[in-house]
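None of the values given here were measured: they were computed from a predicted structure. In the text below, chain A, chain B and the rest are named by the order of the sequence lines, each starting its count at 1. Hydrogens, waters and symmetry mates are skipped; everything else that's a heavy atom, side chains included, is used.
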Protein chains: 2
Amino acid sequence: MLKNDVDKEEPSRDLYHQVYLAILEHRLPPGTKLGEDKLAKIFNVSRARVREILARLSHEGVVELVPQKGAHVARPSPKQARHVMEMRRLIEPGIVRKLITSLDDEKHAKLLAHLDAETTARRDADTQAIIRLSGDFHFLLGDLCGNEFLARSIRELSTLTCLIIYLYDAPTSDACRDDEHAEIVNAVVAKDADLAAELVTRHLDHIEASLKLSDGVQVVDIEQVFSQISAKPNAKG
Amino acid sequence: MLKNDVDKEEPSRDLYHQVYLAILEHRLPPGTKLGEDKLAKIFNVSRARVREILARLSHEGVVELVPQKGAHVARPSPKQARHVMEMRRLIEPGIVRKLITSLDDEKHAKLLAHLDAETTARRDADTQAIIRLSGDFHFLLGDLCGNEFLARSIRELSTLTCLIIYLYDAPTSDACRDDEHAEIVNAVVAKDADLAAELVTRHLDHIEASLKLSDGVQVVDIEQVFSQISAKPNAKG
DNA sequence: GGCTACAAATATGTCGACAATAACGTCAAT
DNA sequence: ATTGACGTTATTGTCGACATATTTGTAGCC
């Protein structure tokens, strides 16, 4: 009997990746309560283990950990969203430049393989795969650039971008268009550093432009509902 | 009776800052074993608390957490050192540029106050304060730039730089010279973004240039001691 | 005499239980 | 009927104890 069942292979690592993936794929929307007992029961692990994973996810910015309130999937504010994109514009062009200087056949192949996966997912209209792969593309750029610190940063920022896109309504098909990723890869394999850097910057600009980052207070959702009733009496009456 | 005793005010936060500060000031050199029971006894807290702090420090890259081996103060490799400096060169010029665009009187005052503290420490030859303040300067730039993600990144990278300087023998007086910080502040308050960015880059170049990042294997310190005895018989004989 | 194997000790990994706090529902009083 | 206070419940915070692995010391054997 082969160990084809991955149910309880490595409970702790499994838990981390499961939660992480679920958040990336928007199956756990921003704001979702992540109760410790709940997760412990679901994954058949101890609460201490859940707590450890939650702390790790909190440090990565994926979940918000409030004392005496528990863990929730992070809800980046518009201000934070702008800061995330700002930092990405700062480091991601540098990442592709560095990637170009260290490009080899293996990296080349990985980039093309990813593009294939993206086009396949898009052809099959596999929404969850599209969302996941759109983020994975930027993870890949970070991993291939050869700098572990840059890789970790862009990974965290891309993950937050995934949450931001969900929150601020950027249609994925428009935000992370397949052809933009392909154009970037083309510039990279052509070793045109300036072009690649500019394409990345434009790509990030497109993403941010498609976001609806209203400056209005949006931390309190209750007031939004309240304003819909009291501040707009002419809507129905 | 006033609560002037800070002994057991906030044990967990105290523990974190104490360890962090001790590492920054090189009182806990890279590689130092951080036993859980030891720390628990010293700070009169439970082991679980120590474990939590250690995990946090591990996430920040300050300590290395090896399964079944415990926690040690991180020892960045030469490769990691280069990557740290590479990333700093990528984001720190952007940080000062952003700081300039949002400069106000309050930030201005904080920058000058820091320079005063640095010159005072240098005049008094307070080595530990000099080391701490040299790192704090870059923390301050991050905090004042207004982007929390950039601030966190530069804080972590500066901390690692502090360990790197200790490991690879850059004399602090030469690596983080007071006047270089002062020149950067001058350019910032003059709102000369290009000059400030260039000065920061040069500053980072100077730091890296003063490091002795030999590519030789240096992960095992035991072999270093061993080589001093067997490989250099002509030293004393 | 040196090496190996076993055992003891120390330190880490893991867990369950208890305590405290916040959220929720209920009841009573105005 | 509505509001305020109180009690219950559920969830998080904290801790000590047990299990496991690694290291060190010792004794026996080659």
Practice task
Using only side-chain N and O atoms of A:Lys33, determine if any of them is under 4.0 Å from OP1 or OP2 of D:dT12.
Solution key: yes
Practice task
Kindly state which residues belonging to residues 62-70 of chain B come within less than 4.0 angstrom of DNA chain C, counting heavy atoms of the residue only, listed by number.
Solution key: B:Pro67, B:Gln68, B:Gly70
Handout entry: For A:Lys79, all residues meeting salt bridge (Lys or Arg N to Asp or Glu O under 4.0 Å), sequence neighbours excluded
Key = none
Practice task
Kindly write out the residues that satisfy salt bridge (Lys or Arg N to Asp or Glu O under 4.0 Å) with B:Glu25, not counting sequence neighbours, or none if the list is empty.
Solution key: B:Arg27, B:Arg132
Problem - B:Glu52/B:Arg56 salt bridge by N-O under 4.0 Å criterion - result: no
Problem - SB check A:Glu64 A:Arg75 (cutoff 4.0 Å) - result: no
Find every protein N or O atom lying less than 3.5 Å from an N or O atom of nucleotides 14-19 of chain C, and list the pairs.
from   : atom 1 : to      : atom 2 : distance (Å)
C:dT14 : OP2    : A:Arg49 : NH1    : 2.6
C:dC15 : OP2    : A:Ser46 : OG     : 2.7

Problem - Separation between CG of A:Asp116 and CG of A:Leu111, rounded to the nearest 0.5 Å - result: 11.5 Å
Handout entry: Whether B:Lys107 side chain and B:Ser102 backbone form a donor-acceptor pair below 3.5 Å
Key = yes
Under 3.5 Å, sequence neighbours excluded: what are the donor-acceptor pairs made by side chains of residues 145-160 of chain B?
from     : atom 1 : to       : atom 2 : distance (Å)
B:Asn147 : OD1    : B:Phe149 : N      : 2.9
B:Asn147 : OD1    : B:Leu150 : N      : 3.2
B:Asn147 : ND2    : A:His83  : O      : 3.1
B:Asn147 : ND2    : A:Glu86  : OE1    : 2.7
B:Glu148 : OE2    : A:Gln80  : NE2    : 3.0
B:Arg152 : NH2    : A:Glu156 : OE1    : 3.2
B:Arg155 : NH2    : B:Tyr16  : OH     : 3.3
B:Glu156 : OE1    : A:Arg152 : NH2    : 3.2
B:Ser158 : OG     : B:Ile154 : O      : 2.7
B:Thr159 : OG1    : B:Tyr20  : OH     : 2.5
B:Thr159 : OG1    : B:Arg155 : O      : 2.7

Expressed in angstrom and rounded to an integer, what is the separation of [X] atom [atom1] from [N] atom [atom2]?
| X | N | atom1 | atom2 | result |
| --- | --- | --- | --- | --- |
| B:Glu36 | D:dA21 | CD | P | 17 Å |
| B:Leu34 | C:dA11 | CG | C1' | 14 Å |
| A:Ile53 | C:dG13 | CD1 | P | 14 Å |

Exercise for the section: Please name all residues satisfying side chain to side chain donor-acceptor pair (under 3.5 Å) with A:Ser46, sequence neighbours left out, ordered by chain then number. Expected result: none
